[in-house]
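See structure below.
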Amino acid sequence: MKRLKSLPILLVLACLLLALSACGDSEGAGTATVSDAPGPRSARSSTSPMGEDGTWTVFVYMCGSDLESENGMGGMDMEEMAAASTGENVRFVVETGGANSWENDVSSDQLGRYVISDGQAELVDSEDNANMGDSSTLADFLKWGVQNYPAANMGLVLWDHGGGSIGGVCYDEKSDYDSLRLKELDAALCSVRGQMTEPFEFIGLDACLMGTIETANLMSAHANYLVASEETEPGYGWDYTAIGDYLGENPEANGADLGKVICDSFYASCEAVDSQNGATLSVVDLTKIGQVTSAFDAYAKDIYDMTEQGSEFKGVAREIASADNYGGNNRSEGYTNMVDLAGIVAAGKDDSGNAQAVLDAIDSAVVYKKNGSDHPDASGLSSYYPLQVQGSEELKVFKDICVSPSYLGLVDKVAKGHVDAGSIDGYDNTELVEQSQNDWTGDDYTEDEEGNYSYDEGAAESESFWDFLDEPTEEEGESSAISFAAEPKLDDEGTFGFTLSEDGLENAESVEALVFMGSDQENEIICIGETTDVNGDWETGEFTDNFDGSWFSLADGQVLSTYIVGQADGYVLFTTPVLLNGEQKYLRFMWDYQSGEVTILDVWDGIDQASGAAGRQGQKLKAGDKVVPLYDSYDLDGNDLGPYQGSEYVYADGDQISFGQLFDGDYYYSFSIDDIYGNYLLTDVVSFSVSGDEVTFSV
């Protein structure tokens with residue numbers, strides 16, 4: 001899937017250090033220890049079932065957030081559980097909280113604890129309200145649950161929004177959307193480990209973007225299987241009736257068997273509302289994650305070593321930037337920086353003798369998956385890669401969850417390239433990698449008197465590598481990594497183009513164009529989005545415009561500000577910012593470039609820039625919805641003038657977006673050249689006029 005970058009804000013980056021933490025053994029809570037290598041941590045010396053054969057308890061940590069308060073989705077899933085024919089040996093044990101209000105009988109004034117089994121739902125306990133984004137809240141629930149409802153097979157589902165490896169899961173609406181970061185989730189599971197004589201049979205994340213290698217690595221100490229999605233999920237999430245029915249009929253099933261049912265029923269639910277194209281869900285055998293992380297570290301070392309050879313690494317970086325990715329990753333909706341793990345590895349397959357071993361290990365560990373047509377090659381596991389760093393916080397988080405010292409060093413160098421506008425020449429971070437390999441982590445877990453672990457975020461930071469973080473970046477649109485053999489210009493035949501220099505071609509990741517139209521204000525132009533209608537030769541570095549004047553418009557004729565989300569066989573996915581009934585959203589649609597048909601898909605919340613939470617897959621437009629297109633506006637010197645609003649349009653059933661010639665008039669066009677470090681260069685704009693089917697460029 002093609003990724004397109006943003007026009008970034010000036011960013012500062014953060015310290016990176018590896019801290020892979022471990023829990024005590026199965027005989028007691030003990031003291032948190034630290035591993036000295038990537039992979040599974042402190043395996044249990046022995047296991048024994050905690051209940052009679054054929055019994056199941058599925059704990060559901062349901063942080064309702066706005067999914068419940070605005071749409072009642074948590075309550076609907078509880079009703080699905082109650083509708084299941086579980087029999088008396090299978091039960092869901094649910095803790096509710098984290099939402100300002102609930103549409104069913106659940107109280108928002110307390111943490112509710114429910115047992116749902118064989119058609120009955122009973123409130124069996126309650127606790128004072130607490131932040132569900134805090135590890136101690138989850139630890140308390142699990143300790144209570146394991147003590148009171150043990151079973152031969154136990155599963156845990158984390159229910160809510162997800163933000164990938166960096167943002168975590170379970171964003172508490174009542175606590176400023178604080179979330180459980182992965183290390184906090186790990187700490188909570190360490191807290192209950194001493195009460196358990198065997199791992200959870202599965203840990204599932206009914207949330208967006210959580211099917212990551214960082215998640216799997218930390219969960220490998222606590223469960224046999226992981227069920228999670230690389231991509232965003234629809235708001236209604238998993239089918240809990242299907243889950244309960246299956247366990248009721250097949251109580252001897254293991255986590256892999258159940259995981260397959262979760263995937264298949266989830267995909268069927270997506271098909272029922274025509275949202276299956278973007279779906280992903282996978283089942284991961286966590287006992288095999290050590291093989292994945294070990295092989296990945298060897299691969300990452302090969303690529304890290306290539307950073308000293310310049311052009312060889314730059315080719316790999318370009319391929320990684322074009323790999324399949326999840327959550328949008330475009331200038332309009334925001335960035336999650338979650339990239340398919342196999343895509344990261346395939347990018348260096350020709351340059352690393354260890355790449356195939358990683359791909360084989362991923363295939364072995366991912367025992368089942370369901371992918372829609374938008375992600376046919378999704379491997380089942382993604383990883384963090386800084387496509388576009390959104391500030392220092394994500395890198396501070398990543399340093400403690402990265403599964404490979406060499407990969408940490410690679411990410412650090414890409415971050416350095418971003419800060420220095422494309423230059424990593426002479427930058428030496430070998431000491432950082434060596435410290436990670438030697439297990440320099442600090443004491444990042446503490447244990448209280450009740451045996452609850454907590455994560456001391458930032459306890460293991462170093463001050464020695466990060467002087468460059470406080471240095472200013474280049475001006476936006478002025479990447480120094482991009483240079484020209486022939487500067488952008490309009491030739492005598494009216495063709496706008498340029499030729500990159502040898503260095504510029506090595507550093508370039510993609511070439512698009514931005515298109516602007518005039519507004520009713522003097523000296524103001526409005527961006528109507530990006531186009532890939534560019535002729536390019538990546539051998540010679542020659543690029544020219546290929547723009548024919550076609551664009552996307554609402555049914556009332558208003559031109560939309562459109563950005564590419566991704567491409568698949570035969571079609572392209574676009575997003576456009578809008579106000580929907582007064583709230584900012586992103587209207588997504590699909591263009592079949594073979595038939596010319598445009599299909600409106602849904603309206604999505606995007607990525608919350610403050611919390612990192614990804615909106616679940618969006619809602620369908622309904623007749624009567626009021627839609628106002630949004631645009632970015634600039635003056636002719638390129639200065640940002642802020643948002644610009646179009647006119648209100650009322651959607652009617654059957655309305656579609658059209659793709660046709662722009663209205664007659666004058667417009668503006670600029671190439672946007674992205675470099676491999678997340679920076680970009682904007683050329684000066686040229687004018688073009690549209691008259692009927694004719695498009696004419698001029699200086």
With Y240 as reference, evaluate D245, D206, D77 under the side chain to side chain donor-acceptor pair (under 3.5 Å) test and give the passing residue. D206
Quick one: which of T280, D340, D324 gives a side chain to side chain donor-acceptor pair (under 3.5 Å) with H375? D324
Would you call [X] and [Y] a side-chain contact if the rule is heavy atoms closer than 4.5 Å?
X	Y	answer
S179	C170	no
N104	V106	yes
V283	V366	no

Quick check: does any side chain N or O of [X] sit under 3.5 Å from a backbone N or O of [Y], one acting as donor and the other as acceptor?
X	Y	value
E173	N100	yes
S117	V90	yes
Q567	V572	no
Y61	M132	yes
Q656	I600	yes
T55	G51	no
K620	L601	yes

Derivation of the side chain to side chain donor-acceptor pair (under 3.5 Å) call for N277 and D374: CA-CA 5 Å; N277 288 354; D374 294 351; 4.6 Å; no
Side-chain donor-acceptor pair present, [X], [Y], cut-off under 3.5 Å:
X	Y	answer
T212	E230	no
D125	Y114	no
T57	R91	yes
N224	E201	yes
S561	Y644	no
N581	D625	yes
S136	N452	no
E80	W238	no
H161	D66	yes

For the residue pair [X] and [Y], categorise the inter-ring angle as parallel (less than 30°), tilted (30 to 60°) or perpendicular (more than 60°).
X	Y	value
F59	F200	perpendicular
W591	F659	tilted
Y384	F398	tilted

Between R331 and D632, does any NZ, NE, NH1 or NH2 come within less than 4.0 Å of an OD or OE carboxylate oxygen? yes
Tell me whether K585 is salt-bridged to E333, with the criterion being a basic N under 4.0 Å from an acidic carboxylate O. no
Strictly under 6.0 Å, is that where the ring centroids of F574 and F552 end up? yes
Can you give me the closest heavy-atom contact between [X] and [Y], atom names plus distance?
X	Y	value
Y631	P629	OH-CB, 3.4 Å
Y335	L387	CD2-CB, 4.5 Å
D556	E648	OD2-O, 4.5 Å
G255	Y225	CA-CD1, 3.7 Å
A555	Y649	CB-OH, 3.9 Å
S165	M338	OG-CE, 3.5 Å

Would you give the length of the straight line joining atom [atom1] of [X] to atom [atom2] of [Y], rounded to the nearest 0.5 angstrom?
X	Y	atom1	atom2	value
L185	S135	CG	OG	9.5 Å
D172	S65	CG	OG	8.5 Å
L554	S647	CG	OG	10.5 Å
T336	Q388	OG1	CD	12.0 Å
S220	D186	OG	CG	9.0 Å
Y586	N330	OH	CG	8.5 Å

Just do the side chain to side chain contact (heavy atoms under 4.5 Å, CB included) check on V58 and V93 with the steps written out, would you? CA-CA 6 Å; V58 178; V93 177; over 6 Å; no
L587 and side chain to side chain contact (heavy atoms under 4.5 Å, CB included): which partner among T575, L621, L630? L621
Kindly indicate, with the supporting measurements, whether the criterion side chain to side chain donor-acceptor pair (under 3.5 Å) is fulfilled by Q619 and D602. CA-CA 5 Å; Q619 64 198 76; D602 58 25; over 6 Å; no
Give the C-alpha distance, both sets of side-chain angles, the deciding distance and a yes or no for side chain to side chain donor-acceptor pair (under 3.5 Å) between Y171 and D608. CA-CA 11 Å; Y171 291 76; D608 186 280; over 6 Å; no
T576 and V578: side chain to side chain contact (heavy atoms under 4.5 Å, CB included), yes or no, with the steps? CA-CA 6 Å; T576 181; V578 298; 4.2 Å; yes
